[in-house]
Amino acid sequence: MSTRQFGARIERNIDPKLLRGEGVFVDDIPLPQPLHAAFVRSPFARARIRSINIAAAERHPGVAAVYTCDNIGDLDVEMPLLIPHSSMKHPHTQRPLARGDVYYVGQCVAMVVAVNRYVAEDAAALIEVDYDPLDVEIDIEKAVEGGAPLVHADAPNNIAAHFVQVSGNPDEAFAKAEHVVKIRVQVERSTAAPMECRAVAARWDEVSQELTVWDGTQAPISLRGGLASILKLDEDKVRVIAPDVGGGFGQKIMMFHPDELLVPMAAMELGRPVKYIEDRRENFIGASQERTQIHYIELAAKKSGEVIGLKDSFLHDTGAFIPYGIAVAQVASTSIAGPYRIPNIWVEFKAVYTPTVQVTPYRGCGRPQACFAIERAMDQLAEKLGIDRFEIRRRNLIGEKEFPYPREGLLFADGLKVTLDSGQYHKALEMILAELGAANFAAAQQQVRAEGKYLGLGLAFYVEGTGLGPYEGGHVRIHPITGKVYVNTGLSCQGQGHDTVFAQIVADQLGVKPQDVIVVEGDTKAFDWGVATFASRAAVVSGNAIHKTATIVREKTIEAAANMLEADAADIDLHDGAAWVKGSNRFVPLAAVATASNPLRYAFNKAAQAATQFAPASRHDGPPLEEGKAPGLEASDYYSPPCATWAYGVHGALVEVDPELCTVKVNKYVCIHDCGNMINPMIVEGQVHGGVAQGLGGALYERLEFEPSGNLANANFVDFLMPYATEIPDIKVMHLETPSPLNPLGVKGVGEAGCIAVGAVVASAVEDALKPLGAGRFHQVPLTPSMIQAALDRAGR
Amino acid sequence: MKPPLFRYQAPKTLKEAVIALASDPDAMVLAGGQSLLPALNFRLASPSLLVDIQHIDELKGISIAHGQIIVKAMTRHRELELDERVRQANPLIAETMAHVAHIPIRNRGTVVGSLCHADGAAEVPLVLILLGGSVVVEGPSGRREIEADKFFRFHLSTARRRDEIAVEARFPVLPAGSGWAFDELTRRHGDYAIAGVGAVVRLDAGGHANDIRLAACGVASRPIRLLEAEKLLSGTALGEAELKAAGKAAADLVSAPDDMHATNAYRRRVVAALVRRMVAKAAARARTRQ
Ligand SMILES: Cc1cc2nc3c(=O)[nH]c(=O)nc-3n(C[C@H](O)[C@H](O)[C@H](O)COP(=O)(O)OP(=O)(O)OC[C@H]3O[C@@H](n4cnc5c(N)ncnc54)[C@H](O)[C@@H]3O)c2cc1C
């Protein structure tokens, strides 16, 4: 028997290529004599365009074309509202190039296409746009007040969406409460900042009348559908390829960014390949962002600490447009009760237009904000009741036997009822308590305080609805000559290691090495159906689809091999790249089985000779291919999850705060993590590590600094403080594996998990450390030294 | 983020470089490019001519003579940081250089380039001010030496005339028996300082400070000496109370306004703490060197 690959810590198939610099990203595609695009972007957050003068730019040597809203034909429309929802009374999306008005600094006003990017930028600088600037309000609390300048004239109080969800009977719960805590928390605006910025290149083939688009997208199939419909082409005539992609984190799921339409259009019109490689500044000011929310959260509790009700009202900054609908706010609102029983919930949000770049999901997608709100509130309640922070959680966590745990009345982002499917929450809590040495921590704190050192312990629980539908598919085929296995799905990969985990799944079914399973995705010509990579769904949805497909191919293989080996199918086993008669040394290699399953006519080579319908071993009664059978060892199948599956975890940290310098040092960071059955624990850990690093960015460093004018003051890596490796402590990850009952593999998603709890953990720890100095509470992230300084100042320290 | 069009010259001699720089009022010197190239790419600078001085042999190397460490213009940060003679002659320099950016940037960026760039938060200008060094410049009208105190005007502005090339910087060796210390607060490892403080302290036989120099970066539009704090500490045994008072005096010199990385109040707190810590550390080292 081969060893099981599912669950093994095998190295990633993709790494040798990427580490040697042999990856091929959009900018590496060797297009013949491509033209390059550059954009003129609005310097104003809100303005009316009086006129645009492109004459000088058009005359500039090397310029092929200059586009404004006036010469882009059918593209001069508002781009699609991807996810409509009844709570949005005045949904707005942007136009590829501004017409009449601009709504944020960075909005595309004109596009120049030229022989190279230098010339394109020189010419872009020659375009004169006459703006009439308008008043703006970028503070969401002020933006919803009457009289604030409006981003869109038809959206009163700048409200893009207003939505209330109720579970149980929250009013009754609050009436019965013995204690109520209410806090205001705030999470700031940030950005995914993928290592590779966005990129798109396009080529129109005059002969085949086909458009090929290379786009660093998370959603090639969806993008193809959109391009075909907007450019009025047959879906068949549009091929979208997401080659190697340097990180996405949600920013690359959003479509369309203007260039994704304009570059293909220009390639078709100019008859030459066109490419646009977004630079870092453009990524800061032009690509989707996320995070700002202000929550007012209230907990109704009994004296025992049992929380019987929750009310949360929050404002969500959606930027100037809401193309992705209410997804982020909806995920936040349905995650608000976290891992706790809390049977009565009232949660309301207002999505607020601000004259800033649009907000769409960024890794975490509303969960970090919800986690920050509920976890900070739980700490506050613990303090108020004089109950230990671990104990108050212990008393409220959903018990192992209470699953599935539905939250009637709350609909998740997939439109389905929130139902937490499985977990061992109490066990996770005990594990982190032990790993942090929480029992002895107070003594340790006391002891070093004499030396002027301030240690703190923080913790936070999170839940994560993962693996959202509607579906994904898989295609598996055993290659007749090599016996290698080719696998396709409709996703694209941004560095997560799909090629390895999908290979592990298939390897177990077909008895081959994972290295012999070649996963090809991110190409609409490789697989026709699918949705995209987002919402921690690849392993769950594509993983199970590929698993189902692989079991079909396994059956086909066994049946064919049984025939060849003249054995009973029940006696055939697949391992070591071959089909074996159990308990014997009789086998046929998979390549031979695959070849033999194709009754092809011509005998090109030895293997084909054996397979041709004239070969001695062939059946000579009836058609060479039996009715209802297909040639080859190949299958496609699909998986559609019944609803999201809920992963969870608890993070804890030990920190030291220097009250003179107001710095926070994380001495220990622990994650107890459960994403169901793990396909590859090493990849899971990589995801968690990366997520924690990104979470620490949000907890301590990263904040987009919008000036009151709406200008982004830190659109670069000097001033936007993405942490370096040097800022990230060692991260200890400990696993629990509670299978999901919802899918055949028992897996849950892990992509976003790591980043969710970090802000709450850090705030909890810093608060704990500075309690002896009376510094008060920390209800905002990122938590900066200046904020600590201000708190200590207020406390007279 | 592509630079606008510019001409480029890479002379082999200082003389040619001086002529080239003088030939065009919009010409600029290119040294390691670690500050200038980003500025070009952001189109914050648009010189018509770049005079690249990296191939000029007479602008390379470090020498020590007459109590001065002479650092020629094309000396990279990393060379100065790792030079064993420099470490012996003035350990403050190596200790401080380790805080300048990251190793790949120190491999390219030059010490003199950092002085000419004159960022108010940069470490190298602080060292020059703290030690009382100088910069030697050469232009069409000849050579002159400019004292550190006079060299830095304000953020990104120096007493170097546009048509002058800085040919070397002179850092005094550490006075015998002195202790030294430098530390800074950055949000991230290798960033420009929110505030940095350097100290050089010598003690008399009774443990009283008889020579003390303090300087700070990141707190004003240029690196500054903390004269008031020096005065408060000089002649004392550097006790808690004196350190506290000196810290406060230093904090009072913080003129940087609130910015996105730090408030004025926070910078004050940091400078006060760093002054206390650096003086104590330098004094401890002085004790071991007496
Ligand atoms: C990511 C990053 C982080 C950084 N962090 C820090 C930091 O923490 N602390 C810090 O101090 N610096 C930091 N730097 C800046 C770096 O140290 C400076 O770029 C460098 O010191 C300047 O030297 P250079 O040789 O690169 O100068 P260049 O970039 O070539 O030139 C800078 C300026 O000085 C002028 N100039 C240079 N040499 C001469 C000369 N000999 N005569 C006349 N004019 C001259 C140029 O015309 C230009 O105006 C950082 C840079 C980067 C990219």
Side-chain angles (χ1 to χ4, degrees), chain A residues 36 38 61 114 116-122 124-126 197 277-284 658-664 696-697 700-707 712-728 782 784-794 797, chain B residues 1-6 34-35 38-44 46 98-99 101-105 119 121 183-197 240 243-244 247 251 254 256-278 280:
Chain A
H36 295 254
N116 62 46
R117 178 67 180 253
Y118 295 82
V119 172
E121 287 191 20
D122 289 344
L126 298 174
C197 295
I277 307 299
E278 181 188 63
D279 67 31
R280 186 57 64 184
R281 181 178 151 72
E282 293 177 296
N283 186 265
F284 270 110
D658 179 333
E660 286 186 345
L661 298 179
C662 306
T663 47
V664 178
L696 281 166
L700 290 166
Y701 301 98
E702 296 171 359
R703 174 178 195 270
L704 291 169
E705 298 282 341
F706 284 99
E707 294 168 344
L712 181 61
N714 59 345
N716 58 65
F717 282 145
V718 177
D719 293 319
F720 178 77
L721 304 179
M722 176 187 267
Y724 306 129
T726 40
E727 276 59 62
I728 306 302
T784 63
S786 292
M787 284 160 66
I788 295 175
Q789 185 272 330
L792 290 171
D793 252 18
R794 278 194 301 273
R797 301 286 183 153
Chain B
M1 285 225 276
K2 301 285 183 211
L5 210 59
F6 56 83
Q34 297 303 294
S35 294
L40 291 181
N41 286 341
F42 277 113
R43 300 198 173 209
L44 297 172
S46 47
H99 292 273
H102 316 268
I103 289 171
I105 290 160
D119 192 296
D183 203 359
E184 66 180 17
L185 187 118
T186 58
R187 293 299 318 280
R188 298 174 301 184
H189 194 87
D191 281 356
Y192 276 109
I194 298 250
V197 169
E240 274 297 313
L243 289 177
K244 235 182 163 159
V254 175
D258 293 356
D259 64 29
M260 70 175 90
H261 300 307
T263 58
N264 173 274
Y266 175 55
R267 278 201 168 83
R268 289 176 54 95
R269 179 183 281 254
V270 170
V271 167
L274 287 178
V275 163
R276 294 194 298 272
R277 293 180 189 188
M278 291 309 100

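- Between A:Asp719 and B:Arg187, none of the side-chain N atoms (NZ, or NE/NH1/NH2) sits under 4.0 Å from a carboxylate O, so this pair counts as no salt bridge.
- Contact check on A:Asp793 versus B:Arg268 returns no salt bridge, with no Lys/Arg side-chain nitrogen under 4.0 Å from an Asp/Glu carboxylate oxygen.
- For the set B:Asp258, B:Thr263, B:Asn41, the count of heavy-atom pairs under 4.5 angstrom toward chain A peaks at B:Thr263.
- If you measure heavy-atom distances from B:Arg267 to chain A, you find no contacts under 4.5 Å at all.
- Crowding of A:Arg281 atom CZ: a count of heavy atoms from other residues, nucleotides or ligands under 6.0 Å not exceeding 12.
- Residue-environment remark: CG (B:Leu44) exceeds the threshold of 12 foreign heavy atoms within 6.0 Å.
- Within the 4.5 angstrom heavy-atom criterion, atoms from both the backbone and the side chain of A:Pro785 approach chain B.
- In this structure, the portions of A:Glu121 lying under 4.5 Å from any heavy atom of chain B include both its backbone and its side chain.
- With a 4.5 Å cut-off on non-hydrogen atoms, A:Glu727 touches chain B through its side chain but not through its backbone.
- Proximity to chain B is absent for every atom of A:Ile788, based on heavy atoms less than 4.5 angstrom apart.
- B:Pro38 does not touch chain A: none of its heavy atoms, backbone or side chain, sits under 4.5 Å away.
- Nearest heavy atoms, B:Val271 versus B:Ala251: CG1-N, 4.2 Å.
- Exactly one of A:Phe706, A:Tyr701, A:Phe284 qualifies for a ring-ring contact (aromatic ring centres under 6.0 Å, His included) with A:Phe720. That residue is A:Phe284.
- Ring centroid separation for the pair A:Tyr724 and B:His102 comes in under the 6.0 Å cut-off.
- Looking at A:Val119, there are no atoms closer than 4.5 Å to chain B (heavy atoms on both sides), in backbone or side chain.
- If you measure heavy-atom distances from A:Pro782 to chain B, you find no contacts under 4.5 Å at all.
- The most heavy-atom pairs under 4.5 Å with chain B, out of A:Thr726, A:Asp658, A:Leu721, A:Val718, come from A:Leu721.
- Considering only heavy-atom pairs separated by less than 4.5 Å from chain B, the leading option among A:Ala713, A:Ala125, A:Ser786 is A:Ser786.
- In this structure, the portion of A:Asn716 lying under 4.5 Å from any heavy atom of chain B is its side chain and not its backbone.
- Using a distance-only test at 3.5 Å, with no hydrogens or angles considered, no donor-acceptor pair links the side chain of A:Asn283 to the main chain of A:Cys197.
- Neither the backbone nor the side chain of A:Arg703 comes within contact range of chain B, judged by heavy atoms closer than 4.5 Å.
- Neither the backbone nor the side chain of B:Tyr192 comes within less than 4.5 Å of any heavy atom in chain A.
- The nearest pair of heavy atoms linking A:Leu792 to A:Cys662 is CD1-SG, 4.2 Å.
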